[in-house]
Amino acid sequence: MQMEKNFDASAAEARISALWQKQKIGAAGANAKAGAEAFSIMIPPPNVTGSLHMGHAFNNTLQDILIRWHRMQGHDTLWQVGTDHAGIATQMVVERELAKSGAPSRRDMRREAFLAKVWEWKDQSGGTIINQLKRLGASCDWDREAFTMSGNFPDAVTKVFVDLYNKGLIYRGKRLVNWDPHFETAISDLEVENIEVAGHMWHFKYLLADGETYEYVDRDTDGAVILRERRDYISIATTRPETMLGDGAVAVHPSDARYAAIVGKMVHLPLCDRLIPIIRDEYPDPTFGSGAVKITGAHDFNDYQVAKRAGLPLYRLMDTRGHMRSDGAPYDVAVARAREIAGGAHASEAEIDALNLVPDRFRGLDRFEARDAVVAEINKLGLCVPVKVITIDPETNSEDWRNEPYVEAKKIMQPVGDRSKVVIEPMLTDQWFVDTAKIVGPALDAVRSGATKIMPESGEKTYFHWLENIEPWCISRQLWWGHQIPVWYGPTSYNLAGKEFCGATEQDVAAEAKTYYGNILGTEIKVEFPNEAFFAAIAIGDEGRDAAAAISVNGDGSHTIRLHRDPDVLDTWFSSGLWPIGTLGWPDQTPELAKYFPTSTLITGADIIFFWVARMMMMQLAVVDQVPFKTVYLHGLVRDAKGKKMSKSLGNVIDPLEIIDEFGADALRFANAAMASLGGTLKLDTARIAGYRNFGTKLWNACRFAEMNGVWEGHVTQETAPNAAATANKWIIGETAKTLAEVNAALEGYRFDQAADALYKFVWGKVCDWYVEFAKPLLDGEYANETRATMAFVLDRSMILLHPIMPFITEDLWGQTGQRAKLLVHTDWPNLPLTLVDTAADAEMAWVTGLIEEIRSARTQMHVPVGLKLDIVATEMDNAAKAAFARNEALIKRLARIETLTHGAAPKGSISLAVDGASFALPLDGVIDVAEEKARLSKAMDKLAKEIGGLAGRLKNPAFVASAPEDVVEEVRANLALREEEQAKLAAALHRLSSMG
RNA sequence: GGGCGGUUAGCUCAGCGGUAGAGCACUACGUUGACAUCGUAGUGGCCACUGGUUCGAUCCCAGUACCGCCCA
């Protein structure tokens with residue numbers, strides 16, 4: 001069967017992919033030699049809602065290269081695949097589908113029914129990205145596909161939560177978090193995008209209490225007074241006027257002389273019947289705006305810190321949807337209580353949170369409507385800082401001065417939910433936290449000690465920087481899709497303090513509750529776990545729930561306690577933080593856990609080093625006291641050819657599946673490998689991918705050439721190199737060994753780009769450009785058999801070495817070119833000693849290729865027609881040159897298009913060539929243009945002179961000879977001698993030419 | 001504002017103490033026994049700038065300018 005002219009990527013990929021899957025070539029331990037060391041990689045679990053983008057394609061190509069490389073070496077490999085449940089994203093997708101189909105909303109159908117819908121969706125559509133990975137050629141263990149909500153994973157997550165809770169490493173508290181008013185949940189920093197938008201800065205006057213005034217003095221940078229006036233107000237600036245309703249203070253910098261006199265005094269909060277103090281804090285920037293900052297502790301992260309430092313009450317203004325609150329007591333009641341608290345009355349955190357200080361007329365407004373309303377009212381009250389505006393009447397030329405409210409147009413950074421696209425509201429809510437400060441130590445030590453190595457090194461800096469300044473980790477989400485927090489709350493009535501119980505199962509919790517309440521109440525305790533609907537149906541609010549439902553006395557005097565489970569679920573990152581052990585079966589001590597953990601290498605984007613890598617480190621160390629991986633390879637974002645981030649709005653997204661359709665998966669993979677320099681930028685250009693598709697074609701055609709020349713006839717894979725006599729064969733065998741060494745070294749150092757580069761240069765630059773051409777004459781001569789054997793050996797090695805990067809085309813070729821014991825994917829990685837490199841053969845081939853290039857170059861420059869065969873005259877030749885020429889005569893003649901070689905003086909009208917140990921003349925009588933040949937020689941001389949100048953200059957410098965290493969000096973000397981020899985030859989040729997006229 | 005990184009051929013990137021490299025693009029020629037998804041020969045670089053260390057700096061150090069990214 002004759003080979004096709006080109007590799008048919010789409011047909012071959014489908015066929016080979018199916019074959020691999022059928023034979024389970026990626027199964028854990030497949031192709032492992034007895035007693036082999038383990039090599040394991042955890043896939044960074046893609047989002048179950050996701051589809052393959054360039055980042056995945058890049059990332060998974062690198063993982064696959066490593067896995068295939070190790071598997072071919074006979075190591076016991078596992079590439080663990082799976083997806084994470086992506087709480088917010090999945091919930092969003094399913095809610096959207098429900099809305100589209102006109103089904104009841106999530107809230108209407110309630111939790112259990114909604115979750116059933118999510119599972120339904122997952123079973124139907126959750127496998128998209130996994131199938132796309134197969135198209136890329138990923139050789140994962142597909143049978144082990146994991147999911148953070150399936151199998152042992154939920155149990156593992158619960159167990160870890162309970163363990164950390166019992167160790168006091170998890171706690172619940174009221175904190176300011178990023179709140180998404182659309183999804184009505186806390187979200188992580190990662191899910192917040194900060195986008196610069198056109199905003200405004202309003203300037204308001206907060207009047208001093210009791211009509212007090214002070215002298216306001218403004219100075220320039222030299223200290224000269226530029227403004228001095230009496231003021232009865234302090235000027236504050238804000239981009240979010242609606243939050244002023246919750247202000248707890250005005251803060252100024254301690255060094256700010258302008259306000260020193262009024263620090264500690266009270267100001268009237270506009271629109272509110274409250275007084276708030278002027279306080280000192282380091283936070284305000286005296287050079288920015290007025291230097292005075294309003295402090296709204298419950299709605300701004302910076303203000304929150306100030307409020308905490310100053311002990312200010314944190315008044316929450318909005319509900320979960322970002323509307324101004326309409327719950328609680330009427331405003332006059334609330335504000336009266338607020339005044340008492342300001343006056344020093346004790347109030348619990350819960351009471352302060354329950355206090356609604358939104359004036360009645362603003363209640364229920366959306367926060368942006370409230371903003372307009374607040375600004376309008378302040379303007380009406382004349383409490384905006386005015387600015388003088390001048391208008392000139394064009395007819396009368398009279399000037400009209402007016403005061404207008406001072407509103408600056410200003411670019412502001414606005415936090416936006418990456419999925420909801422709504423403005424994120426810092427919100428004071430009850431959340432669960434991991435006390436990361438207590439578990440961060442081992443994670444830091446592991447990297448410091450080198451137990452885990454992060455590449456590139458800059459990643460370690462980022463890692464340290466973040467971990468050394470770690471914040472508590474908010475792990476609760478107000479979602480339904482996820483791992484529900486295993487905490488139940490007991491009743492608060494009957495003077496019970498409202499105990500919480502944390503346990504892995506309801507049985508555990510019931511036992512604990514029985515003991516607890518039995519001790520307090522002195523009766524028999526029955527524990528029940530009604531569902532949420534039960535509580536929701538009875539009443540809203542803890543007290544109502546309690547009185548009616550959470551505890552009751554039975555006829556026999558016993559009590560029934562009904563525990564209410566925390567409705568929140570855990571952050572998806574909490575479960576993906578357990579990915580390494582969770583996918584291996586933990587908490588069961590499975591054989592896989594023993595064998596493949598800690599894992600060998602993690603390959604992931606540098607953008608999630610905080611959110612995922614660091615957390616996996618902390619969690620694995622906290623739970624099983626081992627690092628999750630030995631090496632972490634971090635890479636950047638894949639960008640477009642111009643370096644722009646790919647985004648739908650820019651329309652520059654490159655779909656890897658389209659690329660695979662057009663160029664084949666191998667081309668995309670090779671491009672990915674070639675881009676992967678350590679810390680390098682990842683700009684993906686389709687022109688480059690096309691180039692690597694061409695590279696595949698090149699290899700294909702070399703194999704096709706071999707086939708046409710009988711190389712594959714009866715071919716069986718040979719592990720050892722043939723014993724070659726012809727120089728070209730010896731040489732290419734040595735080049736193969738060198739390339740293997742380069743590829744091994746490159747992959748050991750995670751230099752995928754260098755591996756790709758070495759293979760590209762070898763296959764195209766050595767095998768195709770030279771060796772196949774050398775083989776043509778050799779296949780007609782006495783070395784035909786050894787040349788066939790050599791070519792088979794070299795092309796086999798090319799397929800093997802390229803296989804981790806280009807698995808499809810190489811597997812296809814492998815199957816077409818010989819008797820194969822195994823699929824290529826399980827073929828042994830070569831072991832070729834560098835003793836195969838024959839330095840004499842290398843030198844000889846360098847001489848031959850040098851001569852051929854000289855002749856070709858001279859021919860082209862002299863406009864000799866390509867088809868014309870020339871005679872060549874050796875004007876001088878040392879013995880080495882003679883021998884080299886003799887041994888490779890057929891090659892030289894064919895590739896340089898030489899008819900005959902004679903020895904003697906340069907004939908009239910010839911051009912001259914100088915190579916190491918020999919000079920040649922190409923007789924071109926009648927063809928030669930003397931002026932052009934002179935120019936050619938002069939140009940070559942100029943170049944030589946420049947080089948000689950540099951080399952000689954260095955040798956003339958005594959300091960160089962004295963200080964530089966011996967071998968460097970020797971090299972320069974040898975180089976100089978070589979150039980001078982060549983220079984002499986060219987000079988002689990030029991002289992002859994001149995004397996000719 | 002803090003941190004990290006970058007600046008090398010027209011473009012995209014390697015190199016990182018010892019005479020500047022690749023791919024793509026470009027120019028000329030070319031269907032020579034695999035390959036036009038190709039071949040042959042070429043063109044093209046004050047390696048951002050300024051100092052310093054060194055016998056020697058694109059490479060190391062300091063500073064400057066510009067450009068990214070992350071975190072505020």
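Residue numbers begin at 1 in each chain, while the letters A, B, ... track the order of the sequences.
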For the [atom1] atoms, the ones on [N] and on [M], what distance do you get once it is rounded to whole angstrom?
| N | M | atom1 | answer |
| --- | --- | --- | --- |
| G45(B) | C11(B) | P | 12 Å |
| U12(B) | C69(B) | P | 15 Å |
| G23(B) | G6(B) | P | 25 Å |
| C61(B) | C24(B) | P | 34 Å |
| G51(B) | G42(B) | P | 38 Å |
| G30(B) | G68(B) | C1' | 45 Å |
| C60(B) | U53(B) | C1' | 8 Å |
| C26(B) | C35(B) | P | 24 Å |

With heavy atoms under 4.0 Å as the rule, sort [X] into base, sugar-phosphate or nothing.
| X | answer |
| --- | --- |
| T462(A) | nothing |
| E773(A) | base |
| P965(A) | base |
| C768(A) | base |
| K776(A) | base |
| R693(A) | base |
| K5(A) | sugar-phosphate |
| N469(A) | nothing |

Proximity to the side chain of [X] - top-ranked nucleotide from [options]:
| X | options | value |
| --- | --- | --- |
| Q861(A) | G39(B), G42(B), C55(B) | G42(B) |
| F960(A) | G18(B), A34(B), C70(B) | G18(B) |
| D769(A) | U37(B), G39(B), G42(B) | G39(B) |
| R856(A) | G5(B), U40(B), C70(B) | U40(B) |
| N302(A) | C55(B), A34(B), A72(B) | A72(B) |
| N957(A) | C55(B), A34(B), C70(B) | C55(B) |
| T697(A) | A41(B), G39(B), U37(B) | U37(B) |

Separation of atom [atom1] in [X] from atom [atom2] in [N], rounded to whole Å:
| X | N | atom1 | atom2 | answer |
| --- | --- | --- | --- | --- |
| L779(A) | A34(B) | CG | C1' | 12 Å |
| L176(A) | A72(B) | CG | P | 13 Å |
| D285(A) | A72(B) | CG | P | 19 Å |
| I892(A) | U32(B) | CD1 | P | 23 Å |
| K461(A) | G3(B) | NZ | C1' | 10 Å |
| Q754(A) | C16(B) | CD | P | 8 Å |
| L699(A) | A34(B) | CG | P | 17 Å |
| N701(A) | G39(B) | CG | C1' | 13 Å |

Please assess L795(A) against Y771(A) for the test side-chain contact (heavy atoms from CB on, under 4.5 Å), listing each intermediate value before the final yes or no. CA-CA 11 Å; L795(A) 289 174; Y771(A) 182 65; over 6 Å; no
Salt-bridge test for [X] and [Y]: reply yes if a basic N is under 4.0 Å from a carboxylate O, no otherwise.
| X | Y | answer |
| --- | --- | --- |
| D942(A) | K946(A) | no |
| R704(A) | E707(A) | no |
| R240(A) | E425(A) | yes |
| E735(A) | K738(A) | yes |
| R954(A) | E971(A) | no |
| K776(A) | E773(A) | yes |

According to ring pair (Phe, Tyr, Trp, His ring centres under 6.0 Å), who are the partners of F7(A), at least two apart in sequence or on a separate chain? W700(A)
Intermediate values then yes/no, side-chain contact (heavy atoms from CB on, under 4.5 Å), Q305(A) and Y283(A): CA-CA 9 Å; Q305(A) 297 299 333; Y283(A) 165 61; over 6 Å; no
Please report the interatomic distance CG(L851(A)) to CZ(R856(A)), rounded to the nearest 0.5 Å. 10.5 Å
Between the NZ atom in K294(A) and the OG1 atom in T238(A), the distance rounded to the nearest 0.5 Å is 4.5 Å
Given protein heavy atoms under 4.0 Å, the one-letter contact record of nucleotides 19-29 of chain B, with B base, S sugar-phosphate only and - none, is simply B---SS-----
Of I852(A) and D753(A), the one whose closest nucleotide on RNA chain B sits nearer the 5' end is D753(A)
5′-ward residue of the pair A964(A)/M708(A) relative to RNA chain B: A964(A)
When you measure from the side-chain N and O atoms of S963(A) to the phosphate of G56(B), is any distance below 4.0 Å, counting only OP1 and OP2? no
Treat a base pair as Watson-Crick or G-U wobble with both distances under 3.5 Å, then lay out RNA chain B in dot-bracket form, 5' to 3', with | for cross-strand pairs. (((((((..((((....[..)))).(((((.......))))).....(((((..]....)))))))))))).
I'd like to know if the side chain of W712(A) and the backbone of Q816(A) have a donor-acceptor N/O pair within less than 3.5 Å. no
